[in-house]
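Working notes, structure below.
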Amino acid sequence: MSMVRTGVAVAAMMWAGLSQAQDVIKIGVIAPLTGPQAASGQQIVAGAKLYQALNGTKVGGKTIELVIKDDTGVADITRRLAQELIVNEKVAAITGFGLTPLALAVGPVITQAKVPAVIMVAGTSMIVGTSPYFVRISFTLPQNTAPVAQWAVENNVKTAVTLVSDYGPGLDAAGAFKKRLEAGGGKVTEELKAPLADPDFAPFLQRAKDLKPDALFLFVPAPTAGALMKQVVDRGLPQSGIKVVGTGDVTDDDQLNGMGDGVLGMITSYNYSASHDSAENRKFVAEFKKANANRRPNVIGVGGYDGIHAIYAAIAKNNGNTEGPKLIEAFKGLSWTSPRGPVSIDPETRDIVQNVYVRKVERKDGELYNMEFKTYENQKDPK
Ligand code: DHB
């Protein structure tokens with residue numbers, strides 16, 4: 001082959017590679033697939049993959065490719081992976097973030113690179129305000145806590161003890177519960193905080209039991225719920241005359257069946273229940289179980305699913321243009337029907353607006369479910 005023809009062939013190959021690259025939009029998914037938060041990472045990835053399985057990979061004539069990375073739940077790794085995905089893989093957006101510190105770690109990276117980051121889990125109120133490139137489709141703890149605090153006010157709770165994981169979302173949850181209960185005339189008599197890593201809940205639960213409040217309010221990140229609730233049930237707290245309440249993180253759908261009948265009747269408030277009564281949710285739960293060896297989706301699974309939906313919708317709205325400053329604009333004001341109910345992205349704050357439901361643990365068809373019985377519509381983060 002002559003030099004000229006070789007040159008033409010190489011140029012043609014390069015052109016094919018380039019146009020193929022231009023037809024692919026990469027999205028980085030950073031999730032804790034190993035370590036103590038592995039259940040969270042597994043739900044994120046299962047939800048994200050299910051969205052693609054049901055809706056295809058084509059948006060605006062381009063192919064969406066997920067590049068999935070395990071940060072093991074360590075913030076330094078999350079930050080490094082975000083940098084690598086942006087610089088080497090040229091991703092249009094990153095998503096995931098199974099814990100508040102993991103989301104916070106990427107704030108400076110996305111601000112500098114002007115690449116949107118869609119939060120699928122982390123729930124501390126202030127996160128989204130730390131970078132103009134954050135969007136949240138999960139929830140905030142004050143948003144999810146206020147309705148159960150209101151339930152306590154309406155159900156004669158005069159005194160309460162709070163027990164939360166000692167980091168951002170726990171402090172937000174305890175603060176929101178106290179604010180709402182005390183506005184309704186009640187009093188939080190003690191605020192207990194357990195370490196996030198390897199917590200032993202026994203001494204805190206004993207202290208709460210000894211204080212004999214009308215209610216005990218609980219928050220831990222969803223993957224820790226099984227360990228907490230085993231201790232709660234073993235110590236007989238629900239039978240001790242103390243109303244045990246919490247955000248729905250503590251009656252996590254992924255682990256609820258393993259908690260046993262001791263949690264029957266427990267009241268929580270949350271943005272998602274696997275038993276949510278809608279056509280969208282029935283389909284979502286059935287398909288999720290089919291694709292994941294009958295595992296039940298939880299709030300994080302629906303976060304993974306909706307996070308990819310939001311990214312598809314923003315890219316479609318921009319006709320395939322993924323320049324960061326334009327892409328972040330496209331998320332603002334999006335609205336859709338999620339398996340959790342109607343949701344939208346507040347154009348001012350880039351935070352999720354959604355229904356929050358008050359629920360009670362009941363047995364249905366031989367399984368435990370959080371049965372929704374009251375809806376607070378279109379809730380923003382109360383701030
Ligand atoms: C956070 C993590 C969770 O798994 C959860 O259920 C709620 C909040 C967080 O770290 O923000």
Side-chain angles (χ1 to χ4, degrees), residues 30-47 71-75 77-78 95-107 117-130 134-146 148 162-177 193-197 199 217-229 246-256 259 268-274 296-304 306-307 340 351-352 354 356-357 359 370 381:
I30 311 178
L33 287 162
T34 53
Q37 300 296 319
S40 179
Q42 290 153 6
Q43 287 274 346
I44 289 174
V45 170
D71 66 10
T72 73
V74 175
I77 301 178
T78 319
T95 187
F97 318 115
L99 281 177
T100 285
L102 310 180
L104 285 173
V106 305
V118 178
I119 299 169
M120 289 172 163
V121 188
T124 305
S125 181
M126 49 72 79
I127 300 170
V128 178
T130 64
F134 272 131
V135 180
R136 173 155 43 201
I137 57 82
S138 51
F139 49 80
T140 80
L141 269 303
Q143 184 183 48
N144 271 344
T145 299
V148 76
T162 57
L163 168 56
V164 300
S165 294
D166 191 6
Y167 77 125
L171 308 185
D172 267 8
F177 188 83
K193 298 178 198 96
L196 176 61
F217 169 82
L218 300 171
F219 164 81
V220 293
T224 312
L228 169 68
M229 293 314 293
T247 60
D249 306 273
V250 296
T251 54
D252 174 26
D253 271 312
D254 198 3
Q255 301 168 70
L256 187 59
M259 294 178 192
T268 56
S269 54
Y270 219 31
N271 59 323
Y272 177 69
S273 169
R296 192 191 277 187
N298 67 4
V299 73
I300 301 172
V302 89
D306 281 344
R340 66 185 101 165
D351 224 331
I352 186 100
Q354 61 191 336
V356 181
Y357 309 89
R359 315 97 51 83
N370 293 290
D381 179 37

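For the numbers below, each heavy atom of this structure counts, side chains included, while hydrogens, waters and symmetry mates do not. Numbering of ligands and ligand atoms starts at 1, following listing order.
Ligand-side atoms of ligand 1 in range of Gly123: 9 (C), 11 (O), range being under 4.0 angstrom from any heavy atom. Within the listing of ligand 1, atoms 3 (C), 4 (O), 5 (C), 6 (O) sit less than 4.0 angstrom from a heavy atom of Ala222. Set against the non-hydrogen atoms of Pro223, the atoms of ligand 1 under 4.0 Å away are 4 (O). Atoms of ligand 1 lying under 4.0 Å from at least one heavy atom of Phe219, given by number and element, are 7 (C), 8 (C). Set against the non-hydrogen atoms of Ala122, the atoms of ligand 1 under 4.0 Å away are 9 (C), 11 (O). Annotation for ligand 1: atoms under 4.0 Å from non-hydrogen atoms of Phe139 are 7 (C). Residue contact check: Gly98 has heavy atoms under 4.0 Å from atoms 2 (C) of ligand 1.
Protein heavy atom in closest approach to atom 11 (O) of ligand 1: Thr100 OG1, 2.5 Å. The nearest protein atom to atom 6 (O) of ligand 1, hydrogens excluded, is given as Asp249 OD1, 2.5 Å; this is a heavy-atom distance.
A donor-acceptor pair is defined here as one N or O able to donate and one able to accept, closer than 3.5 Å; no such pair exists between the side chain of Thr162 and the backbone of Phe217. Side chain of Gln37 to backbone of Ala31: no donor-acceptor contact under 3.5 angstrom is found. The backbone N or O of Thr140 lies less than 3.5 Å from no partner atom in the side chain of Ser125, so there is not a single donor-acceptor pair. A donor-acceptor pair under 3.5 Å is formed between the side chain of Ser269 and the backbone N or O of Val148. For Gln43 (side chain) and Ile300 (main-chain N/O), no donor-acceptor pair under 3.5 Å exists by modelled atom type.
Electrostatic pairing of Asp306 and Arg340 counts as a salt bridge here, judged by a charged N lying under 4.0 Å from a carboxylate O.
A donor atom on one side chain and an acceptor atom on the other are found under 3.5 Å apart for Thr251 and Asn370. Judged purely by distance below 3.5 Å, without hydrogens or angles, the side chains of Asp71 and Thr78 pair a donor atom with an acceptor atom.
The shortest N or O to N or O distance between Tyr167 and ligand 1 is below 3.5 Å. Residue contacts with ligand 1: Pro221 is placed with no nitrogen or oxygen under 3.5 Å of a nitrogen or oxygen of the ligand (distance criterion only). Considering backbone and side-chain N/O of Ser40, none are found under 3.5 Å from N/O of ligand 1.
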